[in-house]
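This report refers to the structure that appears directly beneath it.
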Amino acid sequence: MAWSGRCVRLSFLLLLVRLVKLDDTGGWGLESSLSDEGECNVDIRDVKSITHSEFIQQYAYSKPVVLRGVPDNTKFRFLCSKASLLREYSNKVVRLSTANTHSYRKVDVRFEEFVKLLLTPQSEDTLGSDTLYFFGDNNFTEWRSLFDEYKAPPYGLPHTSPAYSFGIAGPGTGVPFHWHGPGYSEVIYGRKRWFLYPPDHSPEFHPNFTTLSWLTHSYPNLETHDKPLECTIRPGEVLYFPDRWWHATLNLDTSVFISTFLG
């Protein structure tokens, strides 16, 4: 019976792998995706073309960079498919927070409830305080088996250690401008558009308006010298941002992503 059970489970996993390969969205879909990816004026480097010391000298403390050719996370990507996460975590409680610069409201829901009822597209008139965002408040014990399969970007910073934050968000969602310590963000499924300013250039934004609202109403009126660095990252790409750089994000699709904070 034990051997039969293992065979059934193996057959199911092989079928799931084939389904994920057929659907490059991992089952998360592309409904209500946003089409405007914007320009990319952030440096893009292949990890094979830059050494660790060059990364430290050119980017670690001075400017963002998009890295390609990062460690292969095929297995992690498979585990982040919609079917796989629902099978593993449906009844786990996840903590959602509002996508608002100055809000600290938290809401606890079952993961299945979040995926099936709350993971929806966001319109530009939705306030940040009304947008529930799954990112950052992960129970490391419950999600450890998933995080253990993630291969982090290859370049660390001296005197820091990595901490992971995992997220899933619908099209049109994102977080408004804020800053914190340095880190990486990798997209597993979907596309995520980034806007960044150096520490000495504070962007003008309403703390309860979403990034989508800012992009629609404020961004087109910016003078050239006030425009941000920006880039849309896709699966297999990693964006690095230095310490205290202002940044805002916009998910163009239903996106699955993970950040590595270096603290």
Side-chain angles (χ1 to χ4, degrees), residues 9 12-13 16-17 20 24-28 47 52 55 66-97 99 106-115 118-119 132-170 173-175 178 180-192 194 233-241 243 247 249 251 253-263:
R9 179 174 173 80
F12 174 78
L13 289 175
L16 189 56
V17 168
V20 170
D24 201 44
T25 70
W28 296 105
V47 295
H52 193 176
F55 169 80
V66 174
L67 298 174
R68 291 176 176 169
V70 291
D72 183 6
N73 273 303
T74 299
K75 183 176 182 180
F76 182 77
R77 192 166 190 261
F78 159 67
L79 293 173
C80 290
S81 68
K82 186 175 182 179
S84 180
L85 286 180
L86 283 173
R87 179 167 49 84
E88 188 71 22
Y89 298 104
S90 281
N91 293 317
K92 303 295 185 184
V93 174
V94 295
R95 176 158 291 179
L96 311 180
S97 57
K106 306 289 184 180
V107 177
D108 291 342
V109 300
R110 290 172 56 249
F111 181 70
E112 183 178 29
E113 179 183 352
F114 165 70
V115 170
L118 300 176
L119 186 62
L132 292 174
Y133 204 73
F134 174 43
F135 178 68
D137 288 292
N138 311 127
N139 182 321
F140 187 81
T141 301
E142 291 186 343
W143 293 80
R144 182 168 184 169
S145 61
L146 180 66
F147 291 163
D148 281 347
E149 298 298 335
Y150 179 64
K151 298 177 183 178
Y155 308 128
L157 298 185
H159 314 298
T160 67
S161 57
Y164 299 142
S165 286
F166 179 70
I168 305 172
T173 63
V175 290
H178 63 289
H180 45 67
Y184 294 97
S185 178
E186 179 169 355
V187 171
I188 308 303
Y189 291 107
R191 297 165 298 152
K192 183 185 287 286
W194 280 75
I233 60 172
R234 302 167 185 79
E237 297 179 333
V238 175
L239 184 137
Y240 170 79
F241 51 89
D243 187 29
H247 54 279
T249 61
N251 296 292
D253 313 304
T254 296
S255 300
V256 181
F257 47 94
I258 185 168
S259 290
T260 304
F261 294 109
L262 303 172

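Quick caveat: nothing in here was measured; it's all calculated off a predicted structure.
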[X] to [Y] - nearest heavy-atom pair and separation:
X    : Y    : result
Y133 : K192 : OH-NZ, 3.6 Å
N251 : G170 : CB-O, 3.6 Å
Y89  : F111 : O-CB, 3.1 Å
V93  : E142 : O-OE1, 4.2 Å
V47  : Y155 : O-OH, 3.1 Å

Open item on the list: Donor-acceptor pair, distance only, cut-off 3.5 Å: does the side chain of S84 make one with the backbone of C80?
Closed with: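 No; zero donor-acceptor contacts below 3.5 Å.
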
Open item on the list: Treating T249 as the side-chain partner and V175 as the backbone partner, does any N or O pair qualify as donor plus acceptor under 3.5 Å?
Closed with: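 Yes: the side chain of T249 pairs with the backbone of V175.
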
Open item on the list: With a sphere of 6.0 Å drawn around CZ of R95, does it hold more than 12 non-hydrogen atoms of other residues, nucleotides or ligands?
Closed with: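 12 or below, so no.
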
- [ ] Could you tell me the separation between the CZ atom of F114 and the CZ atom of F134, rounded to the nearest 0.5 Å?
- [x]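 Nearest 0.5 Å value for the CZ-CZ distance: 6.5 Å.
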
TODO: Calculate, to the nearest 0.5 Å, the distance between atoms CH2 and NE2 belonging to W194 and H247 respectively.
DONE: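 One finds 4.5 Å between CH2 of W194 and NE2 of H247.
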
- [ ] Specify whether Y184 and F55 have parallel, tilted or perpendicular ring planes, treating 30° as the upper limit for parallel and 60° as the lower limit for perpendicular.
- [x]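 Aromatic pair Y184/F55 classed parallel.
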
- [ ] Scan for salt bridge (charged side-chain N to carboxylate O under 4.0 Å, His left out) pairs involving residues 180-191, sequence neighbours excluded, and state none if there are none.
- [x]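 Salt bridge (charged side-chain N to carboxylate O under 4.0 Å, His left out) check on residues 180-191 returns E37-R191, R191-D253.
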
Open item on the list: Under the rule for salt bridge (Lys or Arg N to Asp or Glu O under 4.0 Å), what residues qualify as partners of D148, not counting sequence neighbours?
Closed with: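 With sequence neighbours excluded, D148 shows a salt bridge (Lys or Arg N to Asp or Glu O under 4.0 Å) to R144, given in chain and number order.
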
